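This report concerns only the one structure given below.
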Amino acid sequence: MRSLGETAGRRRAAGGLGPELLGFAVTGLCAYAADLALFLWLRGPLAMDPVSAKSLSFVAGCSVAYAGNALGTYRGRAAGGSRLRRYGMFLAVNVAGALVQLACIGVSHYVLGFTSPRADTLSGAGVGMALATAVRFWGTRTLAFGPGPGGRPADGWPAEARQVVPVEPVDRGRLGTWTG
């Protein structure tokens with residue numbers, strides 16, 4: 001049985017996640033747009049090879065995402081270390097997300113035998129993107145922007161707000177006076 005303090009703490013933590021998820025999603029969309037636009041420009045007018053173009057656009061997209069998260073979604077968090085360390089961790093989290101997407105394509109194409117362009121798109125841009133986004137969200141809030149000011153954990157609530165407060169059993173067989 002949950003105590004009243006535990007239930008209220010869970011509701012507050014869940015309610016506080018909504019704005020964080022929204023900020024993360026908006027930042028991610030902006031980063032995706034920057035990545036795609038730069039890739040198309042590098043491949044089109046500049047006629048750069050696809051791997052180099054994607055590498056540069058990936059780093060640019062990560063930079064846009066980092067700036068949006070650092071200045072927006074997670075601006076109140078002062079994780080330990082320098083901004084360069086946080087950016088390096090953020091870049092590593094995004095590389096992990098990209099590897100998740102590649103793994104989904106690899107499993108679908110080479111292990112399961114779904115070799116059509118539609119299957120590759122679904123596994124990479126559908127399933128892979130969903131799993132990679134979950135990895136990126138967890139890594140961004142936990143590793144890159146870790147605990148906030150005052151040692152608050154990633155959900156923004158101090159440890160004492162999440163403590164379970166035991167509820168004393170009520171002696172139902174005996175009625176006492178209001179004064180004790």
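Note that this is a predicted model, so its numbers are computed, not measured.
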| message | Could you report the tightest heavy-atom contact between D35 and G61, atom names first, then the distance? | response | CB-CA, 4.2 Å
| Nearest 0.5 Å, what's the CG-CE distance between N94 and M89? | 12.0 Å
| message | Can you confirm whether L17 sits close enough to F137 that some side-chain heavy atom of one is under 4.5 Å from a side-chain heavy atom of the other? | response | yes
| remark: What one should report as the nearest heavy-atom pair of A65 and T27 is O-CG2, 3.3 Å
| field | Gap between atom OG1 of T140 and atom CZ of R86 - 0.5 Å precision | value | 12.5 Å
| message | Are M129 and V100 packed together at the side-chain level, in the sense that at least one heavy-atom pair is separated by less than 4.5 angstrom? | response | no
| remark: The reported gap from OG1 in T73 to CG in L22 (rounded to nearest 0.5 angstrom) is 8.5 Å
| Does the side chain of M48 reach to within under 4.5 Å of the side chain of L56, using non-hydrogen atoms? | yes
| query | When rounded to the nearest 0.5 angstrom, what is the spacing between CG in L91 and OH in Y66? | reply | 11.5 Å
| query | Are F58 and V95 close enough, and set up right, to give a side chain to side chain contact (heavy atoms under 4.5 Å, CB included), and what steps lead you there? | reply | CA-CA 9 Å; F58 176 78; V95 167; 3.9 Å; yes
| So with a 6.0 Å cut-off around CZ of F114, is the heavy-atom count from everything else above 12? | no
| task | Find the distance between CZ (R141) and CG (L21) and round it off to the nearest 0.5 Å. | result | 7.5 Å
| request: Check V93 against V135 and note the closest heavy-atom contact, atom names and distance. | output: CG1-O, 4.1 Å
| Main-chain N/O of D120 paired with S123 side-chain donor or acceptor, under 3.5 Å | yes
| said: If you compare all heavy atoms of L143 against all heavy atoms of R85, which two are closest, and at what distance to 0.1 Å? | reply: O-NH2, 4.1 Å
| task | Give a yes or no on this: more than 12 heavy atoms of other residues, nucleotides or ligands lie within 6.0 Å of atom CG of L46. | result | yes
| query | Would you find a donor on one side and an acceptor on the other, under 3.5 Å apart, between the side chain of R43 and the backbone of L40? | reply | no
| message | With a 6.0 Å cut-off on the ring centroids, do F90 and Y74 count as close? | response | no
| query | When rounded to the nearest 0.5 angstrom, what is the spacing between NZ in K54 and CG in L36? | reply | 7.5 Å
| task | Kindly give the heavy-atom pair with the smallest separation between C104 and G128, and that separation in Å. | result | SG-CA, 3.6 Å
| task | Indicate the atoms forming the closest heavy-atom contact of Y87 with V59, along with that distance. | result | OH-O, 3.8 Å
